[in-house]
Structures are given as C-alpha cells and as structure tokens.
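Have a look at the structure below before the remarks.
Because only heavy atoms are used, hydrogens play no part in the values below, and waters and symmetry mates are left out as well, while side chains stay in.
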Amino acid sequence: MKQLEARDIKELNLLKHYRVIRKWAARNNELTDADLELLIYLDCIDLFTKIDFKMGAYSYSWDNRRWNKLLKLNWITVWRKRNHTTQKYNLYKVSFKGKHLINRMYKIMLGEEDIPLSEKRNKIMKGETYTDKVLKVCIKNINKDKHR
C-alpha cells in the first residue's frame, strides 16, 4: 500500500469545510468546539487514561467540568475499571455515540454524506441567531459543493 503524502490529502480537500462541519456537529450535540476536537483527539489514541485526557486538554480552553460532562453525557465510556492491584487506573474510550459522530463528520468532509437541512435534524437551520443564518447559507453551499 502506498504511503499517503501531503498532496494526496490536499487533493481530498478534507479540511475545506471543516470549520462549518465542526460547528454543525458541536451545535447539534450540545458540545463546545473544544469538546468535539478533544473527542477527535482521544478517538485517535483509542484507549486512554484520565492523564491522557488532561494532556490532550492542554490544547484547548480550560474547562474543569469537561471530563465529568463528557462522561455523564456518554461521549466517553469506561473500557476497563481499575482493580487497585494489577490495574492501577481506569482505561477509557470514546463511546459508540462519539465514534458515530466523528465518523459522520469524516463522511461529510469526504462528500459521502450531506449535512442535514431539516430544522428537526439540524438546529442551525432554524436561523435563530445571526451566526445560524450565516451557517445556514454555508451548509447549503457545502452540500452543493460536494455534488460537483
């Protein structure tokens, strides 16, 4: 198998609409941009400890409630509990729900799937704020752009 190079990734235009896709994913799942990007980071390392989480969180604005929020809302799950003898700490992973959202973002970035346009499936489409109105136009353009 050929190793990917920078130009291969550029030709995919993977990051072309990343910002709007991230805004859509975060807004419709009650996550902050930092929460979502941290979930992507953690998904890349697969199994992680709370220390790994803290190391990853250094890149984002500090939120001392983020860990508990992501656990409580089932974005992160315990993969293996500690037992105080051989397993000194819990191991965690991004939950099925989190993996599903991240995979959906990848599919949208690759043009395999559209961002939903219905108000029921996409809160942004209600256009309640100025930012939503701007993102609404962007989302329609992104969906059109993928079908060229």
By salt bridge (Lys or Arg N to Asp or Glu O under 4.0 Å), which residues pair with [X], not counting sequence neighbours?
{"X": "Arg104", "answer": "Glu113"}
{"X": "Lys50", "answer": "none"}
{"X": "Lys120", "answer": "none"}

- Task: Before giving the answer on side-chain contact (heavy atoms from CB on, under 4.5 Å), spell out for Trp75 and Leu42 the whole-Å C-alpha distance, their side-chain angles and the decisive distance to 0.1 Å.
- Result: CA-CA 11 Å; Trp75 291 106; Leu42 294 170; over 6 Å; no
- Under a single-linkage definition using a 4.5 Å side-chain heavy-atom cutoff for Ile, Leu, Val, Met, Phe, Trp and Tyr, are Tyr89 and Trp67 assigned to the same hydrophobic cluster? no
- Message: Side-chain heavy atoms nearer than 4.5 Å, only ILVMFWY residues, links allowed to pass through others: does that put Ile45 and Leu39 together?
- Response: yes
What distance do [X] atom [atom1] and [Y] atom [atom2] have between them, rounded to the nearest 0.5 Å?
{"X": "Asn68", "Y": "Leu71", "atom1": "CG", "atom2": "CG", "answer": "6.5 Å"}
{"X": "Met105", "Y": "Arg22", "atom1": "CE", "atom2": "CZ", "answer": "8.0 Å"}
{"X": "Leu117", "Y": "Ile124", "atom1": "CG", "atom2": "CD1", "answer": "11.0 Å"}
{"X": "Ile142", "Y": "Asp114", "atom1": "CD1", "atom2": "CG", "answer": "10.0 Å"}
{"X": "Leu14", "Y": "Leu110", "atom1": "CG", "atom2": "CG", "answer": "5.5 Å"}
{"X": "Ile76", "Y": "Leu70", "atom1": "CD1", "atom2": "CG", "answer": "4.5 Å"}

- Task: Apply side-chain contact (heavy atoms from CB on, under 4.5 Å) to Leu73 and Leu31, showing your working.
- Result: CA-CA 10 Å; Leu73 296 176; Leu31 295 167; 5.7 Å; no
- Remaining members of hydrophobic cluster (4.5 Å side-chain criterion), Val137: none
- Item | Side-chain hydrophobic cluster, 4.5 Å single linkage: members besides Val134 | Tyr130
Write down the atom of [X], the atom of [Y], and the distance for their closest heavy-atom approach.
{"X": "Ala25", "Y": "Leu101", "answer": "CB-CD1, 3.9 Å"}
{"X": "Ala26", "Y": "Leu36", "answer": "N-CD2, 3.9 Å"}
{"X": "Pro116", "Y": "Met125", "answer": "O-CG, 4.1 Å"}

Run the side-chain hydrogen bond (donor to acceptor under 3.5 Å, both in side chains) test against [X] and tell me which residues pass, sequence neighbours left out.
{"X": "Glu5", "value": "Arg7"}
{"X": "Asn90", "value": "Tyr92"}
{"X": "Glu30", "value": "Lys123"}
{"X": "Glu119", "value": "none"}

So does [Y] get a backbone contact from the side chain of [X], meaning a donor-acceptor N/O pair under 3.5 Å?
{"X": "Asp132", "Y": "Lys126", "value": "no"}
{"X": "Asn122", "Y": "Ser118", "value": "no"}
{"X": "Ser95", "Y": "Thr77", "value": "no"}

- Query: Looking at side-chain heavy atoms only, is the closest gap between Leu91 and Val78 below 4.5 Å?
  - Reply: no
- Query: Taking C-beta and beyond as the side chain, do Asn28 and Arg121 meet within less than 4.5 Å on heavy atoms?
  - Reply: no
- Message: Atom CZ of residue position Arg19 - does it have more than 12 heavy atoms of other residues, nucleotides or ligands inside 6.0 Å?
- Response: no
- For atom OH of Tyr18, is the number of surrounding heavy atoms from other residues, nucleotides or ligands below 6.0 Å larger than 12? yes
- Note on the structure: The complete set of salt bridge (Lys or Arg N to Asp or Glu O under 4.0 Å) pairs with one or both residues in residues 59-73, sequence neighbours excluded, reads Asp35-Arg66, Asp35-Lys69
- Pairwise salt bridge (Lys or Arg N to Asp or Glu O under 4.0 Å) hits with a residue in residues 92-101, at least two apart: Asp43-Lys99
Which pairs of donor and acceptor atoms, one on a side chain in residues 51-62, lie under 3.5 Å apart (sequence neighbours left out)?
from: Asp52; atom 1: OD2; to: Thr49; atom 2: N; distance (Å): 2.9
from: Asp52; atom 1: OD2; to: Thr49; atom 2: OG1; distance (Å): 3.3

- Run the side-chain contact (heavy atoms from CB on, under 4.5 Å) check on Leu15 and Lys10 step by step: do they pass? CA-CA 8 Å; Leu15 299 175; Lys10 185 181 180 326; over 6 Å; no
- Message: Tell me whether Asp33 is salt-bridged to Lys23, with the criterion being a basic N under 4.0 Å from an acidic carboxylate O.
- Response: yes
